[in-house]
Amino acid sequence: MLSKRCPFPDVREKSEAILSGVQELGIRIPRPLGHGPSRFIPEKETIQVGKEDATMHTLFAESFATLGRLDNVTLVMVFHPQYLESFLKTQHYLLQMDGPLPLHYRHYIGIMAAARHQCSYLVNLHVNDFLHVGGDPKWLNGLENAPQKLQNLGELNKMLAHRPWLITKEHIEQLLKTEENSWSLAELIHAVVLLTHYHSLASFTFGCGISPEIDCEGGHTFRPPSVSNYCICDITNGYHGVEEIHASPAGSIPSTESVCEVEALMEKMKQLQECRDEEEASQEEMATRFEREKRESMFVCSSEDEESAATRDVSRHFEDTSYGYKDFSRHGMHVPTFRVQDYSWEDHGYSLVNRLYPDVGQLLDEKFHIAYNLTYNTMAMHKDVDTSMLRRAIWNYIHCMFGIRYDDYDYGEINQLLDRSFKVYIKTVVCTPEKTTKRMYDSFWRQFEHSEKVHVNLLLVEARMQAELLYALRAITRYMT
C-alpha cells in the first residue's frame, strides 16, 4: 500500500525497494487488483498519486497523517478539493478528537452503520481502525458480543438507514432512560452523527464504484499477470493488456444524442427561469406539486432491482437483516409531511448539535453548504452556466423522497430537470446504495465529466445525511421538550 499510495515519494521508493528485495528471496508479493480507486471511472481520469498539484498534495498528506492511509474515497473526492478538506476535517473530529464517546465505540458505530448497507469496503477499514485503538476483537464476531449499550443502538441504526421518518421521541426515550446502559444526550448526538455520516458515506462508496483498498480483501491478487495468453480474468486481476478495455461514456466521443441531452437540459433551465420571473404559483398549487412528486418518487425503481443478500461477514454487525428501505406511503401507511418551516437544520438542528457536541454543528454546517453551493459554472462542454437551479432540484428531490417539504420550492421543476434514468440513479444511491451498478452510473448525464458525476454524489451524500439528521434531531428535541 505504501509503495502505491503514500503521498511522500521517498516512502514510496523505499517501500518499492523493500518489496523488490523480498521478492528476490522468493516471497510472493501481492499485486493490486483492478485499476484505480473506482470501478466506474477510468484510472487515467483520476488524480494519480505523485502527479497531484500542491493543493492536492497538502490534502493527501493531511489525510495520510490523520488516517495512516490514503484511501480510495479520498482519491475520488479530490476531484473537489474544497469539499474534501471539509469532509476530512469533520471525519477527523468525529473519530479522533475529544468527544463524548470512547474511540473504539466510534469505530464500532461506523461498522454498524456501514454494515446496514452491506458496505464491506467501509466495514473492513473500520474493523482495522477498531482493533488499532484497542477494541475487543470478540465484538467483531457479531453485534450480540458487543456491550448491551451498543446493541441498544441497533434499532435507531436500522430506522435511520432505511426509514428515518418512523423515528419518534419514544425511541429516543428508550435509549436515554433504560436503567442500565443508558446513553447521555451528548453521547447520543455523537452516535447519531456517526451513524448518519457512515450511512451516507456508504452511498458515496457505492455511487462512485469505489474499489477495495489494496491491502483489504478483494483489493489484491498473488497471481502473476500472463502476457502471452491474457484473457478477461487478467483484466479483473489488474493486467491491462489493452488500454481501452475500461472505456467509459463520460468523456468519450460525444454522440449526437447525448450532446442533445445537455442542450435540452440547459434549455429547460432557461424556460423555468423565465416562467419563474413571470408568474408565481399559489401555496395550494405548490403543496399539490410536492404531493405529486412525493407520490411519483415511489414508482421510481431500478429495473435491476434484484435482492442483494448480505454476506455473513457484514450482516453479523447488525440485527434484523430483512429490514430495508420501504416507500413511506406504501401499504396504507401515511407519514405526515415534514415541513422545513417547522423544523430546519439552520434554525433548530444546528444549534442542538452544537450545544451538545461543541464544534460539530459548525463542521457539518460548513460541509452541507460547500456541497450545496459548489459550482464551477460548467455543464459538460458549456462554461459560464448558473447551475443553482439544477443543484436545488437534486437536493430537494432527495428530501422529497424522505417526505421533507420546502414551502417556497416549486416541485414541478424536478420533473423538468431530472430525467428517469437520473432519478433511478439518485433513488438507488440514496435509498439502496448496495444495488447501484455501473450501468446506472453510465446511463445518466452521458456527456458530463466524471468530476461532475462525483459532484452529484456529494449532493446525494449531504442531502441524505441532512434528511436523516433532521428526523433524529426533531425526535430528540421533542423528547427534551
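Reckoned from all heavy atoms, side chains included, excluding hydrogens, waters and symmetry mates.
- In summary, the side chains of His162 and Arg116 do present a donor paired with an acceptor at a separation below 3.5 Å, with no hydrogens or angles considered.
- Across every non-hydrogen atom of Gln466 and Tyr406, the tightest pair is OE1-OH, 4.0 Å.
- When all heavy atoms are compared, the tightest approach of Arg464 to Ile398 is N-CG2, 4.1 Å.
- Considering every non-hydrogen atom in both Glu213 and Asp71, the closest pair reads OE2-CB, 3.3 Å.
- Leu88 CG to Ser63 OG: the interatomic distance, rounded to the nearest 0.5 Å, is 5.0 Å.
- Counting only N and O atoms by type, the side chains of Tyr425 and Asp442 include no donor and acceptor under 3.5 Å apart.
- Defined by atom type and a distance below 3.5 Å, a donor-acceptor pair is missing between the side-chain atoms of His171 and Glu155.
- Residues forming a side chain to side chain contact (heavy atoms under 4.5 Å, CB included) with Leu374 (at least two apart in sequence, or on another chain): His80, Gln82, Tyr376, His455, Leu458.
- Side chain to side chain, His382 and Glu263 meet the donor-acceptor criterion of an N or O pair below 3.5 Å.
- Using a 4.0 Å cut-off between charged nitrogen and carboxylate oxygen, Asp342 and Arg339 count as a salt-bridge pair.
- Shortest non-hydrogen contact noted between Ser443 and Ser421 is O-OG, 3.4 Å.
- Note: Trp395 and His399 have tilted aromatic rings, judged against thresholds of 30 and 60 degrees for the angle between ring planes.
- Here side-chain hydrogen bond (donor to acceptor under 3.5 Å, both in side chains) pairs that include residues 472-481, with residues two or more places apart or in two chains, are Tyr343-Thr477.
- One side chain, Trp345 or Asp365, offers a donor N or O that lies under 3.5 Å from an acceptor on the other.
- Between Arg106 and Asp98 there is no salt bridge, since none of the side-chain N atoms of the basic residue sits less than 4.0 Å from a carboxylate O of the acidic one.
- Ile414 and Ala393 make their closest contact through CG1-O, 3.9 Å (heavy atoms, listed as atom of the first residue, atom of the second, distance).
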Query raised in the report: Is there a salt bridge (Lys or Arg N to Asp or Glu O under 4.0 Å) between Glu366 and Lys89 once you walk through the steps?
Result: CA-CA 10 Å; Glu366 181 186 296; Lys89 206 161 52 174; 3.4 Å; yes
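- Arg405 and Asn396 share no donor-acceptor pair across their side chains, judged by distance under 3.5 Å alone.
- The two atoms that bring Ile111 and Val123 nearest to each other are O-CG2, 4.0 Å, heavy atoms only.
- Applying the side chain to side chain donor-acceptor pair (under 3.5 Å) criterion to His126, with sequence neighbours excluded, gives His107, Tyr198.
- Side-chain contact of Thr168 with Glu170: a donor-acceptor pair under 3.5 Å is present, judged by distance alone.
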